[in-house]
Structures are given as C-alpha cells and as structure tokens.
Amino acid sequence: MYADLHIHSWYSDGMMTVDEIVEQARARQVSLIAVTDHNQLAGSRECLQKTRGTGIRCLSGVELDAQDFGINFHILGYGVDLENGQFQEFVEANRLRLERVNELLIEKMEHAGEPVSLDEYRQFSYDRCLGGWKALHYFAAKDLVADFKQGFSMYARYHHDYCCVGFPPVREVVRQIQAAKG
C-alpha cells in the first residue's frame with residue numbers, strides 16, 4: 001500500500017486540482033491520500049467527496065501555521081472533522097493571518113517606493129494551478145522578479161517573515177486539532 005499524506009492542492013500553494021490529485025493517486029497506485037492545504041479545508045473536503053467509490057481512501061487533513069519562540073511552525077492535523085464550526089473558524093482566522101503576512105509586505109514595499117499597491121494587490125488574480133501563492137505571482141506580474149519562484153526573495157529583501165501577524169502558539173494549534181477530532 002502506498003500513501004501520500006501531505007498533498008497541497010491549488011486551494012493553497014499546490015498546482016493540481018483535487019480531480020488531478022485523485023487521478024495521479026490512481027495512476028501511481030496510491031491508495032491513501034490526504035490533502036493538507038495551508039490553513040484551508042476546501043481541498044480536503046473536496047478530496048473526501050471525489051474519492052468515494054474510487055478505491056482510494058482519503059484522510060481529512062490540514063496544515064496550520066503556528067508560532068513559538070519567534071519561529072513559524074507548520075503543524076499537520078489529520079482526521080479532523082471538516083464540518084466542526086469552531087475548527088472552521090480557527091482555520092479561517094489562520095488563513096486570514098497568512099494573507100495578512102503578504103499584505104504587510106506589500107505595504108512595506110509600497111512605503112519604500114516599489115511600484116506596488118495594496119489596493120492593486122487585493123484586486124490581483126492569477127492562475128492558481130501554477131502553484132505558489134498570490135503575492136509571489138504579483139511580484140512577477142509587476143516585473144520585480146523574473147518568475148514567481150523568485151518572489152521569495154522579496155521577503156528576505158524586506159526582512160519580512162511570518163511572525164509579524166501573531167499566529168497562535170503550537171499548543172493552541174494542537175488543542176484545536178484535537179478538539180476537531182471529537
């Protein structure tokens with residue numbers, strides 16, 4: 001039996017739709033999968049639906065940001081109840097924090113005279129099946145970097161990291177995951 005329990009879909013920073021993930025699992029004879037998008041439950045929910053009757057088991061999952069000692073941690077949670085309202089709110093609050101990291105960087109860059117705008121960034125859209133995340137594609141679209149993968153350099157250039165938004169501590173993330181298991 002093959003398993004892949006750490007898959008990102010286009011709902012966060014992956015390149016594949018859930019249909020494509022299921023098809024790849026089938027083609028590679030992977031019989032257990034988990035879509036664990038960053039601070040996002042939609043891909044996991046869709047995976048549970050799309051794998052019914054396929055012979056592929058899907059375990060619900062999510063990857064949540066946490067912060068302790070000034071360090072950003074990614075905590076994987078499996079077997080969570082995707083319909084648990086309190087957990088949904090917790091995950092959504094974390095998703096908004098993650099997007100705020102990018103907005104704060106755009107604000108820093110705008111203040112420094114870079115040709116960026118927070119309003120423009122908020123209106124910006126991109127093909128999510130290209131992978132990465134919105135800010136990386138925005139930097140490439142503004143010709144600040146050659147491609148979205150080079151967009152990571154903007155975080156280093158502006159000494160900007162995930163700790164600027166106050167992600168919950170590891171123990172709180174673990175508590176929320178445990179509570180969502182019932």
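- With hydrophobic clusters built from ILVMFWY side chains whose heavy atoms lie under 4.5 angstrom apart, Val170 shares a cluster with Ile71.
- Across all their heavy atoms, Val145 and Ser153 have their closest contact at CG1-OG, 3.8 Å.
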Evaluate Met15 against Cys129 for side chain to side chain contact (heavy atoms under 4.5 Å, CB included), listing each step before the verdict. CA-CA 4 Å; Met15 298 175 76; Cys129 287; 5.6 Å; no
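- Side-chain contact between Leu32 and Met1: present, with at least one pair of heavy atoms (C-beta onward) separated by less than 4.5 Å.
- Put simply, Tyr2 and Val22 are part of the same group of oily side chains (I, L, V, M, F, W, Y) that touch within less than 4.5 Å, one to the next.
- With ring centers used as reference points, Trp133 lies 6.0 Å or more from Tyr138.
- Closest of all the heavy-atom pairs between Ser44 and Cys58 is O-SG, 4.4 Å.
- For the pair Ser60 and Arg45, the minimum side-chain heavy-atom distance is 4.5 Å or more.
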Glu20/Glu23 under side chain to side chain contact (heavy atoms under 4.5 Å, CB included): CA gap, chis, key distance, verdict: CA-CA 5 Å; Glu20 292 168 330; Glu23 182 54 40; 5.6 Å; no
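- Here the side chains of Phe124 and Ile106 are not in contact, with every heavy-atom distance at 4.5 Å or above.
- In Gln29, the CD atom is not crowded: 12 or fewer heavy atoms of neighbouring residues, nucleotides or ligands sit closer than 6.0 Å.
- The distance from atom CG of Leu98 to atom CG of Asp13, rounded to the nearest 0.5 Å, is 9.0 Å.
- Here CD of Gln67 is found 8.0 Å from CG of Asp161. Values are rounded to the nearest 0.5 Å.
- Rounded to the nearest 0.5 Å, atoms NZ (Lys50) and CD1 (Ile33) are 12.0 Å apart.
- Under the 4.5 Å side-chain heavy-atom criterion for Ile, Leu, Val, Met, Phe, Trp and Tyr, Phe90 and Tyr78 are members of distinct hydrophobic clusters.
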Any chance you could lay out the side chain to side chain contact (heavy atoms under 4.5 Å, CB included) test for Val30 and Ile56, step after step, and finish with the verdict? CA-CA 7 Å; Val30 176; Ile56 298 170; over 6 Å; no
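- Between Asn39 and Glu63 there is no side-chain heavy-atom pair separated by less than 4.5 Å.
- The CG atom of Asp147 sits 11.0 Å away from atom CG of Leu130, with the distance rounded to the nearest 0.5 Å.
- Using a 4.5 Å heavy-atom cutoff, the side chains of Thr36 and Leu5 are not in contact.
- Note that CD of Glu107 and CD of Glu110 are 7.5 Å apart. Values are rounded to the nearest 0.5 Å.
- Here the side chains of Glu120 and Lys142 are in contact, with some heavy-atom distance below 4.5 Å.
- A single hydrophobic cluster is not seen to contain both Val91 and Leu59; linkage of ILVMFWY side chains at heavy-atom distances under 4.5 Å, directly or through other members, places them apart.
- Residues Asp81 and Lys181 are not paired through a salt bridge, judged by the lack of any N-O separation under 4.0 Å between the basic side chain and the carboxylate.
- Distance check: Phe139 CZ to Phe152 CZ gives 10.5 Å after rounding to the nearest 0.5 Å.
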Please lay out, stage by stage, how Ile75 and Ile177 fare under the test side chain to side chain contact (heavy atoms under 4.5 Å, CB included). CA-CA 9 Å; Ile75 309 295; Ile177 291 168; 3.9 Å; yes
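- Evaluated for a side chain to side chain donor-acceptor pair (under 3.5 Å) with Tyr11, the options Arg128, Gln40, Glu46 yield exactly one hit, Glu46.
- By the 6.0 Å contact criterion, CD on Gln86 is open, its count of non-hydrogen atoms from other residues, nucleotides or ligands being 12 or less.
- Cluster annotation: Phe167 is not connected to Phe73 through the hydrophobic network of ILVMFWY side chains, with a link wherever side-chain heavy atoms come within less than 4.5 Å.
- By the 6.0 Å contact criterion, CZ on Arg57 is open, its count of non-hydrogen atoms from other residues, nucleotides or ligands being 12 or less.
- Closest heavy-atom contact between Ile21 and Val35: CD1-CG2, 4.2 Å.
- Classification of Lys108 and Glu114 as a salt-bridged pair fails, no side-chain N sitting under 4.0 Å from a carboxylate O.
- Under a cutoff of 6.0 Å and an axis angle of 45°, Lys134 and Tyr126 do not form a cation-pi pair.
- Counting heavy atoms from C-beta on, the side chains of Val116 and Tyr121 never come closer than 4.5 Å.
- With a 4.5 Å cut-off on side-chain heavy atoms, Leu41 and Phe87 count as touching.
- Contact detail for Cys163 and Asn72: the closest heavy-atom pair is SG-N, 4.0 Å.
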